[in-house]
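Just so you know, these numbers come straight off a predicted model, no measurement behind them. Throughout, protein chains are lettered first and strands after them, A, B, ... in sequence-line order, and every chain is numbered starting at 1. Values below: all heavy atoms of this structure, side chains included; hydrogens, waters and symmetry mates excluded.
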There are 2 protein chains.
Amino acid sequence: MTTPTVQAPRGPVTRKDVARYAGVSTAVVSYVVNGGPKKVAPATEAKVQDAIRVLGYRPNAAARALKLGSSETIGLVIPDNSNPFFSLLSHAVEDAAAECGYALVLTNSDGSVAKERRHIRNLAARQVDGVVLASVLFEPDLVELDDADIPAVLLNHGDAAPGFSSVGVDLAAGARIAVEHLIGHGHTNIGLAMGTNTANDLDGREKGWLQALSDAGLLEGPIVRGPFSRAGGYAAGQRLLASANRPTAIFASSDMQAIGILRAIHEAGVSVPGDIAVASFDGSVEAEYSWPALTTVEQPVKAMAEAAVSALIGADRGKSAGHQLFPTKLLVRQSCGCTRTVT
Amino acid sequence: MTTPTVQAPRGPVTRKDVARYAGVSTAVVSYVVNGGPKKVAPATEAKVQDAIRVLGYRPNAAARALKLGSSETIGLVIPDNSNPFFSLLSHAVEDAAAECGYALVLTNSDGSVAKERRHIRNLAARQVDGVVLASVLFEPDLVELDDADIPAVLLNHGDAAPGFSSVGVDLAAGARIAVEHLIGHGHTNIGLAMGTNTANDLDGREKGWLQALSDAGLLEGPIVRGPFSRAGGYAAGQRLLASANRPTAIFASSDMQAIGILRAIHEAGVSVPGDIAVASFDGSVEAEYSWPALTTVEQPVKAMAEAAVSALIGADRGKSAGHQLFPTKLLVRQSCGCTRTVT
DNA sequence: CAGCGGGATTGAAACCATTCATGGAGGAAC
DNA sequence: GTTCCTCCATGAATGGTTTCAATCCCGCTG
């Protein structure tokens, strides 16, 4: 049951049909649609607009992309869209892209190198105009993009891949501020919950933790590694609680982990921040609603997304604009001990 | 600094280049690439494969889409990707689509009719092969898709739009089970936190709540409406706590709201589930890690996503396969009072 | 040996929009 | 009246791929 249109067009309407209907050439239709530099007489334009409306003409994006060599699309590769940090990022990137009339193709690598490779290949084949990479498990695959001359932006990627621009946050500085804050509360044994590090380089957050401790002349607290998820954090929390020198404060490298840690601590009947203080990294909304509310290092996700998109499709598109670093901000709430709360 | 390839191809490599290099016609290349029905001699195939590898040939998706009239892409329109329910949905839809070689274009309507319309238009112009609509604010805009002959699937959309297939969960049944569970705990004054209903029809969850109450011969508890967000839930919680006949149990129509409600209750120094029991709808992971863990009605998001995608690009693509309903499941945890916990 | 069948390969049309070079008409200036 | 210029409009080429119809070549059969 199609809706009763005034004039039901059979099959797809092309710009040729419009031209015929309006009694002009196809070129004129093109000029009208795109408002090109070429002038079109007002009367003609009206005729064409009329024809477009009557026939329900809809430009064919594929043909346009073929001719123009641009799909008005950007790709995004993230580990997992159900992780709040990345879902917020996707949203922000989509917003920024839509602002410029670009569409966003979303792909999840799920921590799999093979999947990541497949996605990158696929995006390259689709002639996307740029790719935001927030998950780079295997750098050699980036040559796919380079070969296809597709600009890419790396997000929060530690060791800079040569030839690619990047956008991110100073992970080490952010982590240091948080750990220093914990130190300020008098803690001397501060544990760390990290992701399993895949890169050859040390994660910035781990560096920041180390720096803060050594600057304060403290010994390293226990380190636990695991997935950046609530479940991973839960397991990490249990191990930290059971560790020989149980820390009195924990810095978690993501809010998700901190949420899991909080649960492990609650279940053990230990109080936060009374017995153990917690701080983490990301600044997600969820951290604001945990109990107690998490003190966390905020990343300016929106600004980062906008910068990434603009590096891809802005005026200076794909010029490998080097590395943009954004400032973090410590959101002080209850889990660090700044406000006494009952748990 | 491009990587040193054996043979750096200048500019994009087309199938013509491959044909020339391999000493065959372009048609053969096409057959080799697509493994069409036409047979290609093994020797020839090897030559072509070789040429493809050496030249680094990459088929042009735009040209392919133009010729085939299919972009191997599906669109997804959701209210907000930073809402965990929808971010999980996006992920699941992306997975299901990628499984079939399709890419996913993600768009957020942010609750704006204008944005939703723009996105639907844009998707239609891009000749996506199907659209999953999880946010339908304004049904008339759906004709855009109908006109463009693009199949669409509605997700959890109450009143069925004629001519569109839909996938969802029996919201009323799910809500009823949860509310009945609360009644089973002896509660007689059960409040409701709902979204602001935009549809002319009553939301299924509200219906389920009403049914469970009337079946048990109970009076309606207080109703509060607000955004499906943590902040919305927080405000709702405060209002429920302050209401004249403060309920001893609350059913929230989304986990996000329940999380906010939990915070409001905590801050008021009231215990959950001791003084007020809480149950909600969605079955998100976040609900498992709240404190106390939320009893919630699980939606089989993955199955729904797969069904939606398969309705669009499966064997019976876009045949308006009617309405598929999936079963919900009550995940019983602590917030309803089934396990005594200290808060 | 002629004819035939069939598998492998080819050439060219079609898909739809963009854009350049060209053409024509009309007005203004001399 | 002629020339020149401006302003609009047009035809045709272009982009990369798919696929039909046609061709070619080889071997087999009668």
Minimal non-hydrogen separation, B:S71 against B:T73, with atom names = O-OG1, 2.9 Å
query = Are more than 12 heavy atoms from other residues, nucleotides or ligands located less than 6.0 Å from atom CD of B:Q49?
reply = yes
Rounded distance in Å - CZ (B:R20) to P (C:dG11) = 13 Å
task = Please test A:D50 against A:K47 for salt bridge (charged side-chain N to carboxylate O under 4.0 Å, His left out), starting from the C-alpha separation and ending with a verdict.
result = CA-CA 5 Å; A:D50 238 41; A:K47 269 194 302 184; over 6 Å; no
key: A:R64 vs C:dT18: side-chain N/O to OP1/OP2 distance below 4.0 Å   = yes
key: Separation between CG of A:D129 and OH of A:Y102, rounded to the nearest 0.5 Å   = 4.5 Å
Estimated bend of the helix from C:dC1-D:dG30 to C:dC30-D:dG1 (axis per five terminal pairs, rounded to 10 degrees) = 60°
request  = Search all heavy atoms of A:D80 against all heavy atoms of A:F86 and return the closest pair with its distance.
outcome  = O-CB, 3.5 Å
Candidate nucleotides D:dA9, C:dT18, C:dT9, ranked by approach to the side chain of A:L68 - the nearest = C:dT18
With sequence neighbours excluded, residues passing side chain to side chain contact (heavy atoms under 4.5 Å, CB included) with A:E94 = A:A98, A:L104, B:T107, B:N108, B:H119
message = Evaluate B:D149 against A:R58 for salt bridge (charged side-chain N to carboxylate O under 4.0 Å, His left out), listing each step before the verdict.
response = CA-CA 12 Å; B:D149 255 317; A:R58 205 180 303 281; over 6 Å; no
query = Does a nitrogen or oxygen in the side chain of B:S30 sit under 4.0 Å from OP1 or OP2 of D:dT18?
reply = yes
Short heteroatom pairs, N/O only, protein and nucleotides 12-15 of chain C, under 3.5 Å:
| from | atom 1 | to | atom 2 | distance (Å) |
| --- | --- | --- | --- | --- |
| C:dA14 | N3 | B:K67 | NZ | 2.9 |

task = Nearest whole angstrom, please: distance from the P of C:dT19 to the CZ of A:R15.
result = 13 Å
key: Nearest-nucleotide 5' precedence on DNA chain C, A:R58 against B:V28   = B:V28
query = With a 4.0 Å cut-off on heavy atoms, is B:V29 in touch with a base, just the backbone sugar-phosphate, or nothing at all?
reply = nothing
task = Considering non-hydrogen atoms only, spot the tightest contact between A:V309 and A:A96 and give its length.
result = CG2-CB, 3.8 Å
task = Return no unless some side-chain N or O of B:Y31 is found under 4.0 Å from OP1 or OP2 of C:dG7.
result = no
task = Please determine if a side-chain N or O atom of A:N34 lies less than 4.0 Å away from the OP1 or OP2 oxygen of C:dA17.
result = no
message = Pairing donors with acceptors under 3.5 angstrom, does anything connect the side chains of B:N60 and B:R64?
response = no
